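Structure, as structure tokens:
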Amino acid sequence: TEGSSRGKQQTLKVLVRVRPTNSATSEIAATVESDKVTIPKPFHDNATKAYSFDRVFGSQATQADVFSEVEVLLNDVFEGRNATVFAYGQTGSGKTHTMNAYSMGGSANNPTITLSRKDAGITYRAVDWIFEHIERYSINATVYASFLEIYNDEVYDLLPRSASAGELRKLKVMTAGRKVTIQGLSEAPVTDPAAFEKLFAVALRQRSTAGTKLNVSSSRSHFMVQMTVHIVGTQRELTSKLSLIDLAGSEDNRYTGNEGERFEESRHINASLFAIRSVVSALKENKSQIPYRNSKITQLLCDSLGGTASSLAVVCCAPELENLHPTHNSLEFAKDCCFI
Ligand code: ADP
Ligand code: MG
């Protein structure tokens with residue numbers, strides 16, 4: 001039946017990336033072999049737990065290897081479908097490295113580090129790919145970039161209206177069915193990768209100013225880059241959107257003993273990550289109602305996750321034994337996201 005064939009259609013692919021260890025002394029808990037990750041079973045001596053996914057990348061994997069899994073989504077964008085890549089994982093697991101390394105630097109906390117082009121993450125590679133594709137096939141396309149931050153369930157525009165503006169613009173999100181409108185969002189036309197990099201730098205500066213104003217670390221908010229591609233062909237005209245998301249850290253916020261402002265922050269992070277999980281579950285079960293409205297992040301994704309959109313979850317894990325619990329939680333999230 002149509003229902004069952006649709007049920008099997010994979011709208012979300014799951015990729016797990018276990019980063020190399022950054023400690024000379026830590027014991028390693030997560031190991032990778034072909035498309036399987038193995039960890040010691042938490043709270044069980046001498047027992048292990050193995051997880052299989054569509055793709056698993058270990059410490060040897062390059063940024064190019066990871067990007068090769070994104071290319072299929074980019075082809076979909078040029079076919080008129082929306083696409084999403086989101087990175088999930090605890091703080092320090094490699095989300096920013098995977099998504100935004102290069103201008104963001106090797107460390108999310110140190111944007112001044114300059115990496116070589118071969119270290120560039122998914123965002124830069126996607127932008128390069130888009131412009132190469134347009135040129136190779138002589139496509140009549142216009143590309144726009146938007147940069148958003150989602151903090152405490154509020155959406156902020158990271159492109160200032162004028163060069164001098166340091167003000168934060170809170171945006172209103174409206175949805176009608178599967179159509180989403182972000183009122184007042186800046187969409188900057190982009191003509192080439194160099195222009196994109198300039199905009200990205202502006203957005204990062206804005207994010208860091210915003211972080212100072214709101215007293216928030218970048219690992220506590222979601223960061224989203226949206227590339228809109230408008231294609232004018234002889235037969236048809238289409239507009240599609242690529243959303244690239246570096247999610248807030250998924251570590252169990254209850255352990256941090258946070259109060260007040262930080263507690264509020266934790267509550268919103270938990271709720272938004274749970275909302276993503278619920279949307280994916282509903283999609284997997286082919287539910288007629290998908291709970292996009294439970295959170296701003298899922299509301300923003302209602303036209304880009306599920307339906308005709310193609311999505312990739314990049315679940316990042318740290319291999320060290322001291323990170324076993326968050327790693328276990330991330331692998332469980334990844335497992336829940338897997339369509340069989
Ligand atoms: P997150 O964004 O999840 O908090 P980061 O991307 O900032 O984590 O990664 C934490 C640290 O580990 C950074 O110093 C980063 O450069 C390093 N790192 C992450 N992934 C890799 C990788 N695949 N190869 C080399 N270094 C990595
Ligand atoms: Mg980060």
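Each ligand, and each atom within it, is numbered from 1 in the order the structure gives. Quick caveat: nothing in here was measured; it's all calculated off a predicted structure.
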With sequence neighbours left out, the residues meeting ring pair (Phe, Tyr, Trp, His ring centres under 6.0 Å) with Phe57 are none

Taking the non-hydrogen atoms of Met99, is any one of them nearer than 4.0 angstrom to ligand 1?
no

Check each of Ser217, Gly94, Ser218, Ser250 against atom 8 (O) of ligand 1 and report the one with the nearest heavy atom.
Gly94

For the 3.5 Å polar cut-off, considering only N or O atoms, please tell me whether Pro20 and ligand 1 meet it.
no

Does Asp246 reach ligand 1 with a nitrogen or oxygen that is under 3.5 Å from one of the ligand's nitrogen or oxygen atoms?
no

Give yes if a backbone or side-chain nitrogen or oxygen of Thr91 is under 3.5 Å from a nitrogen or oxygen of ligand 1, and no if not.
no

Contact atoms of ligand 1, heavy-atom distance to Arg19 under 4.0 Å:
12 (O), 19 (C), 20 (N), 21 (C)

Geometric N/O contact Asn22 with ligand 1, under 3.5 angstrom:
no

Does the side chain of Thr142 pick up a donor-acceptor pair with the side chain of His230 at under 3.5 Å?
no

Are Asn82 and Leu242 close enough that some pair of their side-chain heavy atoms sits under 4.5 Å apart?
no

Could you tell me whether some N/O pair between Ser93 and ligand 1 is separated by less than 3.5 angstrom?
yes

Ligand 1 contact on Arg17 by region, counting heavy-atom pairs under 4.0 Å:
side chain

What are the atoms of ligand 1, with element, lying closer than 4.0 Å to any heavy atom of Lys95?
1 (P), 2 (O), 3 (O), 4 (O), 6 (O), 8 (O)

Would you indicate whether Glu71, at its atom CD, is surrounded by more than 12 heavy atoms from other residues, nucleotides or ligands within a distance under 6.0 Å?
yes

Measure the distances from the heavy atoms of Gln63 to every atom of ligand 1 and state whether one is below 4.0 angstrom.
no

Is any side-chain heavy atom of Thr228 less than 4.5 Å from a side-chain heavy atom of Glu187?
yes

